[in-house]
Amino acid sequence: MLGQIEKYLLEKIAAEKAIHMTLIDPEKITLAQAAIIAENSKNSGTTAIMIGGSTFSSQEHLDAVVHTIKETVDLPTILFPNNVSGISKHSDAIWFMSLLNSSDPYFLIGAQIQGAPLIKKFNIEPLPMGYIIVGQGGTAGVVGKAITIPYDKPDLVIAHALAGQYLGMRFIYLEGGSGVVNPVPPEMISAVKKHIDAPLIVGGGIRTREQAVTAVQAGADVIVTGNLIEVADSKRRIAEVVEGIKQKN
Ligand code: 1GP
């Protein structure tokens, strides 16, 4: 049986064709900022708030950030962990993810084995997801010891995505790397989309409405933006991205 958050996401994708999620890196913000970002994201029409970063280590601060977001808005929270320290008991759900192109078994299945009992104990909804780092890959690629797949090799990404789906992962995530100059190209998104049934999440370097719309038109079901919350005028910029996603697909 599908959990509540997964059901909510699938219904939103079915109704709106594509959705936006805001990614908050707890390492970069105070609790006061977390509340403001959550409020602004909600007003912009984002569907859920993801919380996680590539280098985060203070569990106490993570807990406080998730708690603050939950107290501020009624949007679902989804943890986006880079290892077991990315789990917070306050979150509704967690991307239960395997970095499919990691060269390190820890990121393929090791961290998942360590984290699973905690997720059960805290009653956090696991969303099974295959995570693939492509292009430059950014910090996530380095930390996850990924063998990143170049943007001009879509066949390799298709093979990874299919493998994830056949293993039972119900979402596939193409990660270009936070803050990268060039987001995942539409050619790669459409190639993967043609071959899989699972909803396709795309993130990394998306800063403009145009980039978001291009990714959605290529077949992305979920657009994730992280760094955008840090730019000047972020409220307006995120609203533009979300509005573009809602209108243009
Ligand atoms: C999530 O890493 C991305 O997939 C977020 O990237 O920070 O560049 O939006 P940005």
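Whatever order the structure lists them in is the order used to number ligands and atoms, beginning at 1.
To the nearest 0.5 angstrom, Leu228 atom CG is 8.5 Å from Thr22 atom OG1.
Listed for the Asn101 side chain is a donor-acceptor partner under 3.5 Å among the backbone atoms of Ile133. Judged purely by atom type and a 3.5 angstrom limit, Glu39 has no side-chain atom pairing as donor or acceptor with the backbone of Val73.
Defined by atom type and a distance below 3.5 Å, a donor-acceptor pair is missing between the side-chain atoms of Asn182 and Gln136.
Each of the atoms 1 (C), 4 (O) of ligand 1 lies under 4.0 Å from some heavy atom of Tyr173. Close approach to Val224 involves these atoms of ligand 1, each under 4.0 Å from a residue heavy atom: 1 (C). If you number the atoms of ligand 1 from 1 as listed, the ones under 4.0 Å from a heavy atom of Ser178 come out as 2 (O), 6 (O), 7 (O), 8 (O), 10 (P). Short contacts between ligand 1 and Asn227, defined as distances under 4.0 Å to a heavy atom of the residue, involve ligand atoms 7 (O), 8 (O), 9 (O), 10 (P).
Contact annotation: for Leu23 versus ligand 1, heavy atoms closer than 4.0 Å belong to the side chain alone.
Between Ile223 and Ala212, the shortest heavy-atom distance links the atoms CD1-O, 4.0 Å.
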- Message: Does His90 form a side chain to side chain donor-acceptor pair (under 3.5 Å) with Thr77? I'd like the steps, not just the answer.
- Response: CA-CA 9 Å; His90 300 297; Thr77 55; over 6 Å; no
- Stepwise side-chain contact (heavy atoms from CB on, under 4.5 Å) check, Ile196 with Leu162: CA-CA 6 Å; Ile196 62 166; Leu162 274 177; 4.2 Å; yes
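The nearest heavy-atom contact from the protein to atom 2 (O) of ligand 1 is Glu175 OE2, 2.9 Å.
Checked by distance only, ligand 1 and Gly205 come closer than 3.5 Å through their nitrogen or oxygen atoms. Polar contact check, Thr225 against ligand 1: no nitrogen or oxygen pair lies under 3.5 Å apart.
Looking at Ala140, Gly226, Gly179, it is Gly179 that brings a heavy atom closest to atom 8 (O) of ligand 1.
Under a 4.0 Å heavy-atom criterion, Leu228 is not in contact with ligand 1.
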